[in-house]
Enquirer: 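Here you go, one structure.
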Amino acid sequence: MENRKYRPREIEEKWQKRWEEQRTFNVTEDPGKKKYYLLEMFPYPSGKIHIGHVRNYTIGDVVARYKRMRGYNVLHPMGWDAFGMPAENAAIERGIHPSVWTNENIAHMRKQLKRMGFSYDWDREISTCEPEYYRWEQLFFLEMYEKDLVYKKRSAVNWCPQCRTVLANEQVEAGLCWRCSAVVEEQVLDQWFFRITNYVEELLRDCDKLTGWPERVLTMQQNWIGKSYGCEIAFPREDGNGAIRVFTTRQDTLYGATFMLVAAEHPLVTELAKGKPAEKQIRAFVENVRKQDRAVRTSESTEKEGVFLGSYCTNPVTGRKMPIYAANFVLADYGTGCVMAVPTHDQRDFEFAKKYGLPLVVVIQPPNRPLDPAAMTEAYVEEGILVNSGPFSGMENLKALEAIAAHLEKAGYGKKTVQYRLRDWGISRQRYWGAPIPIINCGKCGTVPVPEKDLPVVLPRDVAFTGEGGSPLAKHKAFVETACPRCGSPAQRETDTMDTFVESSWYFDRFCSPRYSVKPGLDRKKLDYWLPVDQYIGGIEHAILHLLYARFYTKALRDMGLLGVDEPFKNLLTQGMVCKESMRCTEHGYLFPEEAADGKCRKCGLEIVVGKTEKMSKSLRNVVDPDYLVEKYGADTARLFCLFAAPPEKDLEWSDQGIEGAFRFLSRTWRIVMDYLDDIYDIAPYRGPVSGNGQVLEGEIKELRRKTHQTIKRVTADIEDRFHFNTVISAVMELVNALYQIGRPAAGDRQALSVIRETIDAAVLLLSPIVPHFCEELWTMLGHGQGVADSAWPAFDPAVASEEEITIVVQVNGKVRSRVTVSAGEEEARIKTLARTDGKIAKLITGKELVKEIYVPNKLVNIVVRGNT
RNA sequence: GCCUGGGUGGCGGAAUUGGUAGACGCAAGGGACUUAAAAUCCCUCGGUCCUUGAGGCUGUGCGGGUUCGAUUCCCGCCCCAGGCACCA
């Protein structure tokens, strides 16, 4: 009996070794089998995996193993999103080379993932920081350059004047540099952009094809793209130098436009300010606004500020002379960067007009009370009837939208247009640890692409990391100095590297042919077999950027003929964040949970400031390393617990309360199997007649069999329809509890034992995607020759699963007052009679007027009565 | 601020299409076993009131509404989380 104890460590090592040796999860294309490509978002190798990863990858592994048991040829790969800022920060702070740091992290995390028993095809492992990977990305870049899908334009970055370096948004804390606390400035640089806007209509339209995506993600993407219909209207400048063009969706309010607003950083501002007495003041204002955060600038609560530019333009329909102002709340990169201000019907314009004493003209009247501009305390933004609007007065404002647009077009003052909120994707990073952009800048020839034969442009290793003075690459002479491929004269290499979102926009393609080393790095035949990804699983945090970029990139690669799908991810499961409060010591900054004890910092003993609860991330250090769970309880318990805690899409505030319960359940299951093992080893699962007169099972054995089939049904549906593994686990827990509750049959009662055998086999199979090592071991002990991973998913018999008796709830005036038990299939009339004559119900309804009776089949009867109680 | 979600016992959660609120588990309390402890097994467990019952009332963030019936649908508010284009 001693060798029959549940020893997770031993079992897990044994099965992990066996899966690896037998290459259980390595796959190749097999045209004879249905394929299933299951992908979890690959991790950034930050150092250690945390509970968020465990949750994500366990969810994926359960689905992968489940689909395998269902007979699919499952591709389930894993790799590393290996470029990124933290590696460079480590180099700056600790003098470790980013590649060393990254590869050490990968080695450690790979070991951790292997210890979790995930069913990956490790032969396909890729790491995006290797030239074998990014060389293809550089090739795609050249192709995109060729097709004008990539271009250069001036664009602003965060600049720390003290460190003389570019900062990521994350490195700016309340407007200050995170390293030196200097006030962060804005600097304009020439940067590379992908023309994602070329695909904007397709990206929007294809949302309809993504029926396997959560509605909320599609809504977020659509809102992000932000298509709006409106008009572009020209307001002639008083100085005769052409016109100011604005985009508006509210052309119905055009007759109420009394002044013009221009984004502070708009080139027009400098142009108009030139030579004016207020030029200095205007410059100062612009400088000030540049420093304001974009979110702050556009927030409703921010004080509206502006400065008069000393010039005027004309409202094309009213002829009114409109003063031109630069304003803080107008954005340069949306629409035309200029806005016609209608203070009576736009709240921001209203506040601005009040502050600077600008005129108000009401053009929309509400139905009930006429508006008096002098008495207005806020803008009227609802619908109404047009007034003061020339030929359009008297029209409903929504109807006037179309009429005014048509009028403007006819009169030549403007045209109907469509605007998008989506901007082109800036991919330039002034950093070392990323894929080099394969471009050479020549003094004579300008921008010259690196010839294909010279790819990859490999990141040089020997660079110095100081965190100061901009990109380390720019200071690397041997890298920068080169010859122009076109004219041969001395030229400089581009030193910007690509945004790491570029790597994650095609890694799922590379997984299909991870070692393919000839152009274009993607083996079309293999891609055609595996793509699209059937199920993609990852955090909701990626709902917009990563997923939108990957969709765009897929379409771009498709148009290069490299792959044959329009959309990369057929089905998407967005898991909720695993959150935890962050902890901060005034001396040592953010602390890892293990660096804190009793609210004090372990290093210095200072009181800890507990921050808000946020998603686990390395930068906040609010991460929980799963090692201690695996160490103490084993990977199976850790997997079980992560899934049992909540359904996948829900956010989870981490607590390991309950981990004991998960372990207890496995031990309990193990024990009951051991208890029956000798008695059922030679007995086949029950296969007797299913129902009707042939039904020979009685009492609790019959009930157990019903419960078994009900459990298979429920578990299958919960996995198949909604990935709710928490309810899967409770269902199996109930089945195991049922097994404990029945009286132990005699050793010779082969019929009863065969039912128990069926129950135990089913429980093991149902749990096997969740706790695979545990189930493999039990499956072997139960005498099955084939591994559980290669076994078929169990089927249920609906006849066995169906209940013979059902409980009908009886309500009086909507309140539950009694219950009656009837046999399944009992007639409605009989059930209603039973309900009315039920003792408790009869007491409540006698002497009262029966208003109506509602019957919901198999569920309830609601008797509605009127009268005194 | 804007966009997107969420809020149910002491805790994690269940209730899948408007139809029994609280499955399953944790914690807690009680009991059995034991010399003892651990482990295990069994029972109780939203709140409240009384007449302690097959009892009444109440209860799914807050306030309203629709309905025979609302955790579920609608309106308003509060709080929490994700994203906001250089964290990934």
Enquirer: So, is Lys615(A) close to the G83(B) phosphate, meaning a side-chain N or O under 4.0 Å from OP1 or OP2?
Expert: yes

Enquirer: For Arg706(A), is there an ion pair with Glu700(A) - N to carboxylate O distance below 4.0 angstrom?
Expert: no

Enquirer: For Phe641(A) and Trp654(A), I'd like to know if the aromatic rings sit close, meaning centre-to-centre distance below 6.0 Å.
Expert: yes

Enquirer: Could you work out which one of U20(B), U4(B), C24(B) sits closest to the side chain of Gln811(A)?
Expert: U20(B)

Enquirer: Mark yes or no for a side-chain to base donor-acceptor pair under 3.5 Å between Glu853(A) and C68(B), with no hydrogen or angle criteria applied.
Expert: no

Enquirer: Taking atom C1' in both G53(B) and U40(B), compute the distance separating them and give it to the nearest angstrom.
Expert: 36 Å

Enquirer: Within 90° of 0 counts as syn, otherwise anti: where does G7(B) fall?
Expert: anti

Enquirer: Would Glu649(A) and Arg216(A) pass as an ion pair if we require N to O under 4.0 Å?
Expert: no

Enquirer: Which pair of heavy atoms, one from Glu265(A) and one from Ala332(A), lies closest together, and at what distance?
Expert: CG-CB, 3.6 Å

Enquirer: Taking salt bridge (charged side-chain N to carboxylate O under 4.0 Å, His left out) as the cut-off, I'd like each qualifying pair that reaches into residues 496-505 of chain A, sequence neighbours left out, listed once.
Expert: Arg429(A)-Asp499(A)

Enquirer: According to the Watson-Crick and G-U wobble definitions, with both distances under 3.5 Å, which nucleotide is paired to C2(B)?
Expert: G83(B)

Enquirer: Which base, if any, makes a Watson-Crick or G-U wobble pair with U35(B), both distances under 3.5 Å?
Expert: none

Enquirer: Would one find a side-chain N or O of Asn223(A) under 4.0 angstrom from OP1 or OP2 of U4(B)?
Expert: yes

Enquirer: How far does the C1' atom of U20(B) sit from the matching atom of A15(B), given to the nearest Å?
Expert: 10 Å

Enquirer: Counting just side-chain N and O atoms, does Asn737(A) come under 4.0 Å of either OP1 or OP2 of G25(B)?
Expert: yes

Enquirer: For atom C1', what is the distance between U17(B) and G30(B), given to the nearest Å?
Expert: 42 Å

Enquirer: Assess whether a salt bridge exists between Arg836(A) and Glu853(A), defined as any Lys/Arg side-chain N lying under 4.0 Å from an Asp/Glu carboxylate O.
Expert: yes

Enquirer: Would you say Lys650(A) places a side-chain N or O within less than 4.0 Å of OP1 or OP2 belonging to A14(B)?
Expert: no

Enquirer: Both Val217(A) and Arg671(A) contact RNA chain B. Which one's nearest nucleotide lies toward the 5' end?
Expert: Val217(A)

Enquirer: If pairing requires Watson-Crick or G-U wobble contacts with both distances under 3.5 Å, which nucleotide is the partner of A21(B)?
Expert: none

Enquirer: By nearest heavy atom, map Leu652(A) and Thr613(A) onto RNA chain B; which one lands nearer the 5' end?
Expert: Leu652(A)

Enquirer: Quantified in whole Å, what is the P atom distance between nucleotide G10(B) and nucleotide U48(B)?
Expert: 10 Å

Enquirer: Less than 3.5 Å between a donor and an acceptor, one on the side chain of Gln191(A) and one on the base of C86(B), is that the case here?
Expert: yes

Enquirer: Give a yes or no on whether Lys843(A) atom NZ has more than 12 heavy-atom contacts from other residues, nucleotides or ligands under 6.0 Å away.
Expert: no

Enquirer: Using a 4.0 Å heavy-atom cut-off across all strands, classify Val157(A) as base, sugar-phosphate, or nothing.
Expert: base

Enquirer: Considering Watson-Crick and G-U wobble pairs with both distances under 3.5 Å, what does C57(B) pair with?
Expert: G47(B)

Enquirer: Strictly under 3.5 Å: I want the nitrogen or oxygen pairs between protein and nucleotides 26-34 of chain B, one per line.
Expert:
unit_1: C26(B); atom_1: OP1; unit_2: Arg664(A); atom_2: NH1; d: 2.5

Enquirer: Does OP1 or OP2 of C41(B) have a side-chain N or O of Arg668(A) closer than 4.0 Å?
Expert: yes

Enquirer: Using a cut-off of less than 4.0 Å, is there contact between a side-chain N or O of Asn726(A) and OP1 or OP2 of A14(B)?
Expert: yes

